[in-house]
Amino acid sequence: MTTSEPYERAFDEDIQRGTTEPCPECGGPVRTNSAETVCADCGLIIDEQSIDRGPEWHRDDADTAKRTGAPLTPARHDRGLSTVIGSGQDATGTDLSGQKRRRLARMRREQSRARWRSKQERNLGHGLTEIRRIASALGLADSVRDQACQLFRTAQNERLLKGRSIEAMAAASVFGACRCNGESWLIDDVAPMAQVGQNRVENAYTVLNEELGLPTPPVSLDQFVPRLASDLGCTDVVRRRAEELVVQAVDAGITTGVHPSGFAAACLYMAACVHDAPLTQADAAAAAGVTVETIRSHRDRLLSIVE
DNA sequence: ACGATTATTGCGTTCTT
DNA sequence: AAGAAAACAATAATCGT
């Protein structure tokens with residue numbers, strides 16, 4: 001790994017740095033993805049990766065890590081290195097006079113005008129702002145968000161923005177980053193956050209995927225169960241039973257071409273029935289964004305293979 | 001008895017292959 | 001283009017209060 005790719009390296013470390021201690025609740029193994037650290041046994045969310053775990057950004061070698069200034073972030077068009085002129089107070093925190101305030105305001109204005117060196121850079125800033133907005137709306141981990149930003153940069157460098165809107169490509173980048181990280185978001189989850197139509201986003205993502213050859217693992221069904229389970233407030237036993245059902249269904253090969261979150265919801269519903277948990281078809285369907293009939297039909301198919 | 005939930009069936013639409 | 005899947009609708013049956 002060379003220092004010419006500090007961002008990618010930072011991502012990898014960020015993902016791998018997660019807790020490896022056994023689960024404090026049940027002592028089971030923990031599983032860390034880019035969004036959270038969860039116990040594989042009881043589903044306890046140990047860490048949501050939202051805290052600053054002291055990233056060692058600028059370091060000369062692995063041992064002498066030190067914090068020097070703000071972290072470089074791909075989420076800003078200038079990687080967060082631009083100077084921001086403050087206002088109102090001086091370095092010691094005392095208020096400034098009106099005259100000095102006015103001078104600072106003028107400096108700030110002129111600097112912000114000078115910040116965009118080119119049209120392209122302005123577009124980049126626009127796109128990254130959009131990505132930050134969508135990512136925070138979805139509650140994505142910073143590492144995923146940063147990958148989305150990186151993806152957007154690449155797309156722009158490859159001239160993929162020509163004829164497409166920045167907003168669409170920004171949303172597509174977010175979705176692409178999710179897919180690359182095995183995040184269980186569907187395009188239907190991301191697209192509503194965008195300020196353009198869903199088909200624009202889909203188009204942008206298609207281009208992104210084809211031109212860049214994104215390493216997107218196929219959507220795995222089991223990713224959907226934990227999210228739905230927590231949305232529906234299912235117990236751990238139910239969730240685990242549902243996960244078993246998913247595995248059996250995949251093995252039986254009846255999961256091709258089905259709405260993944262709908263199927264996961266059906267597994268959850270059936271698991272809830274087995275354990276006499278109070279989960280109605282309507283609730284399961286609503287959480288998955290499908291109708292009760294879908295839940296029912298999948299439930300029946302599950303019954304036919306579970307014998 | 002009543003409302004809520006679940007089952008059953010048919011049919012036009014949307015999506016996958 | 002063909003076939004499967006999901007949605008929609010109408011109606012019946014079941015269950016708990």
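A, B, ... follow the sequence lines: proteins, then strands. Residue 1 opens every chain.
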### Task
List the steps and the verdict of salt bridge (Lys or Arg N to Asp or Glu O under 4.0 Å) for A:D189 and A:R227.
CA-CA 13 Å; A:D189 299 319; A:R227 212 173 96 206; 3.5 Å; yes
### Message
So, OP1 or OP2 of C:dA7: does either fall under 4.0 Å of a side-chain N or O from A:T294?
### Response
yes
### Query
About how many Å separate CD of A:E130 and OG of A:S173, when rounded to the nearest 0.5 Å?
10.5 Å
### Query
Can you check the A:D283 CG to B:dA4 P distance for me, whole Å?
14 Å
### Message
If you compare every side-chain N and O of A:H259 against the phosphate oxygens of B:dT14 (OP1, OP2), does one of them come in below 4.0 Å?
### Response
no
### Task
Keeping the roles fixed (side chain from A:R164, backbone from A:L160), state whether a donor-acceptor pair exists under 3.5 Å.
yes
### Task
Applying side chain to side chain donor-acceptor pair (under 3.5 Å) between A:E244 and each of A:R240, A:Q248, A:R241, report the one that passes.
A:R241
### Message
Is there a side-chain contact between A:T291 and the phosphate of C:dA7, meaning an N or O under 4.0 Å from OP1 or OP2?
### Response
yes
#### Entry: Nucleotide B:dC15, atom P - distance to CG of A:L186 in whole Å
13 Å
### d(CG, A:L302; P, C:dA5) in whole Å
13 Å
### Task
Decide whether A:V246 and A:F224 are clustered together by the hydrophobic rule: side chain heavy atoms of Ile, Leu, Val, Met, Phe, Trp, Tyr closer than 4.5 Å, transitively.
no
### Query
Nearest-Å distance, CD (A:Q281) to P (B:dT8)?
10 Å
### Query
Nearest-Å distance, CD (A:E202) to P (B:dT16)?
10 Å
### Query
Could you give the CG-to-P distance, from A:D188 to C:dA7, as a whole number of Å?
11 Å
### Message
So A:E293, base contact, sugar-phosphate only, or nothing? Heavy-atom distance under 4.0 Å.
### Response
base
### Query
Taking for each residue the nucleotide of DNA chain C bearing the nearest heavy atom, is the 5' side occupied by A:R296 or by A:R301?
A:R301
### Task
Could you state the atom-to-atom distance from CD1 of A:I295 to P of B:dT8 in whole Å?
16 Å
### Whole-Å gap separating P (B:dT16) and CD1 (A:I187)
12 Å
#### Entry: First encountered from the 5' end of DNA chain B, between A:Y269 and A:G257
A:Y269
